[in-house]
Amino acid sequence: MTTNSKRRIETDVMKLLMSDHEVELVNDSMQEFSIKFHGPEDTPYSGGVWRLHVELPDNYPYKSPSIGFVNKIFHPNIDIASGSICLDVINSTWSPLYDLLNIVEWMIPGLLKEPNGSDPLNNEAATLQLRDKKLYEEKIKEYISKYATEKKYELQFGRVGSSDAEAESRAESEAEDEDMSGLSDVSDLSDGSVSDDVSLSDLSDLSGGDDSGMD
């Protein structure tokens, strides 16, 4: 890595860290990190919360960053399975004049506001967007409900400062709580049956074993 690339990486990442965006470095590396991304207002994506995974090449900014959605999003130009983004400015027409803040605050929100249905990565989304806007927007909301609410984001990824392992543990714990909730009634019944089955001999033992008082 050249000195210029290293300096530029540090500058761009520090801009992100000092902004209002929640950023989590992977293994304290400035070349790999995640960003909490909120769907832009006045679009069907408003209210959705996604995690963007970013990797910067050694020769950044002369080579574009690798950016993708981690949790699922329904969009003509974003692959559902991989989260890859089809956006010229971070692919074929990338310029060193752009920076990471430009991408997060302008380029990706712009893509969500104005999808390009003629060059899709998601054919279903592209078809709906061109032919049935109402159904297209309903599908977006359905995906947000399934994969991109604030609660689901925290369960899957945790809050800033917590590890992925901790987030996974929280998700597993919640799943276990749901599984165990159905057993509480059984437990209550078990407790009641034990109290009803207390025998005279048990009472005798508690009173010191003296049966004279029982005559």
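Atom set for the values below is all heavy atoms of this structure, side chains included, hydrogens, waters and symmetry mates excluded. Note that this is a predicted model, so its numbers are computed, not measured. Positions are given from 1 along the sequence.
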> Distance only, no hydrogens: is a donor on one side chain within 3.5 Å (strictly under) of an acceptor on the other, for S5 and T2?
Replying inline: yes

>> To the nearest 0.5 Å, what is the distance between OG on S46 and CG on L112?
In response: 11.0 Å

> Taking it one step at a time, do L130 and Y136 satisfy side-chain contact (heavy atoms from CB on, under 4.5 Å)?
Replying inline: CA-CA 9 Å; L130 292 172; Y136 168 68; over 6 Å; no

>> Membership question, hydrophobic clusters at under 4.5 Å side-chain separation (ILVMFWY): are Y45 and W106 in the same one?
In response: no

> Quick one: CG on D88 to OG1 on T93, what's the gap to the nearest 0.5 Å?
Replying inline: 5.0 Å

> Can you get from M18 to I103 by hopping between Ile, Leu, Val, Met, Phe, Trp and Tyr side chains that sit under 4.5 Å apart?
Replying inline: yes

> For V70 and L52, what are the C-alpha separation, side-chain angles and deciding distance, and is it a side-chain contact (heavy atoms from CB on, under 4.5 Å)?
Replying inline: CA-CA 6 Å; V70 179; L52 298 176; over 6 Å; no

> Would you call D99 and K15 a side-chain contact if the rule is heavy atoms closer than 4.5 Å?
Replying inline: yes

> Between E32 and L25, does a side-chain contact (heavy atoms from CB on, under 4.5 Å) hold up when you go through it step by step?
Replying inline: CA-CA 6 Å; E32 185 179 0; L25 303 181; over 6 Å; no

> With no hydrogens and no angle check, is any side-chain donor or acceptor of K36 less than 3.5 Å from a backbone partner on V23?
Replying inline: no

> Counting N and O atoms only, with roles assigned by atom type, does the side chain of H75 sit under 3.5 Å from a partner on the main chain of L111, one being a donor and the other an acceptor?
Replying inline: yes

> In Å and rounded to the nearest 0.5 Å, what is the CE to CG distance from M107 to L100?
Replying inline: 9.5 Å

>> I need the I108 CD1 to L87 CG distance, nearest 0.5 Å.
In response: 7.0 Å

>> Under a 3.5 Å distance rule, please check whether S34 uses its side chain to pair with a backbone N or O of R51 as donor and acceptor.
In response: no

> Between the main-chain N or O of N116 and the side-chain N or O of N77, is there a donor-acceptor pair closer than 3.5 Å?
Replying inline: yes

> Hey, mind stepping through H53 and E55 against side-chain contact (heavy atoms from CB on, under 4.5 Å) and telling me if it holds?
Replying inline: CA-CA 7 Å; H53 181 258; E55 291 188 38; 3.0 Å; yes

>> Both conditions, 6.0 Å and 45 degrees, for the charged tip of K152 above the ring of Y147: are they met here?
In response: no

>> When you compare the side chain of K6 with that of M30, does any pair of heavy atoms fall below 4.5 Å?
In response: no

>> Taking W94's backbone N and O only, do any of them form a donor-acceptor pair with S64's side chain (distance below 3.5 Å, no angle check)?
In response: no

> Is it true that I9 and L17 fall in one hydrophobic cluster, defined by side-chain heavy atoms closer than 4.5 Å?
Replying inline: yes

> Is there a path from I80 to I85 through hydrophobic residues (I, L, V, M, F, W, Y) whose side chains come within less than 4.5 Å of each other?
Replying inline: yes

> In the single-linkage hydrophobic clustering (I, L, V, M, F, W, Y; side-chain heavy atoms under 4.5 Å), do F33 and L101 co-cluster?
Replying inline: yes

> P65 and V54: which non-hydrogen atoms are nearest, and at how many Å?
Replying inline: CB-CG1, 4.5 Å

> Sub-3.5 Å donor-acceptor pair from the side chain of Q31 to the main-chain atoms of L56, do we have one?
Replying inline: yes

>> Testing the basics here: between P44 and K141, what is the closest heavy-atom pair and its distance to 0.1 Å?
In response: O-NZ, 2.8 Å

> Taking C-beta and beyond as the side chain, do P109 and F37 meet within less than 4.5 Å on heavy atoms?
Replying inline: yes

>> Please find the pair of heavy atoms, one from P120 and one from S118, that lie closest to each other, and give the distance.
In response: CD-C, 3.5 Å

> What distance do F74 atom CZ and E138 atom CD have between them, rounded to the nearest 0.5 Å?
Replying inline: 11.5 Å

> Is a donor on one side and an acceptor on the other found under 3.5 Å between the side chain of N27 and the backbone of S29?
Replying inline: no

> Do you know the tightest heavy-atom contact between F69 and I78?
Replying inline: CE1-CD1, 3.5 Å

> Would you say T127's side chain and N123's backbone share a donor-acceptor pair under 3.5 angstrom?
Replying inline: yes

> For the side chain of W50 and the backbone of K72, is there at least one donor-acceptor N/O pair under 3.5 Å apart?
Replying inline: yes

> So do L121 and C86 actually touch side chain to side chain, heavy atoms under 4.5 Å?
Replying inline: yes

>> Could you measure the distance from the OH atom of Y98 to the CD1 atom of I90? Nearest 0.5 Å is fine.
In response: 11.0 Å

> G117 and A126: which non-hydrogen atoms are nearest, and at how many Å?
Replying inline: O-CB, 3.7 Å

> So, the side chain of D132 versus the backbone of L128: is there a donor-acceptor pair under 3.5 Å, distance only?
Replying inline: no

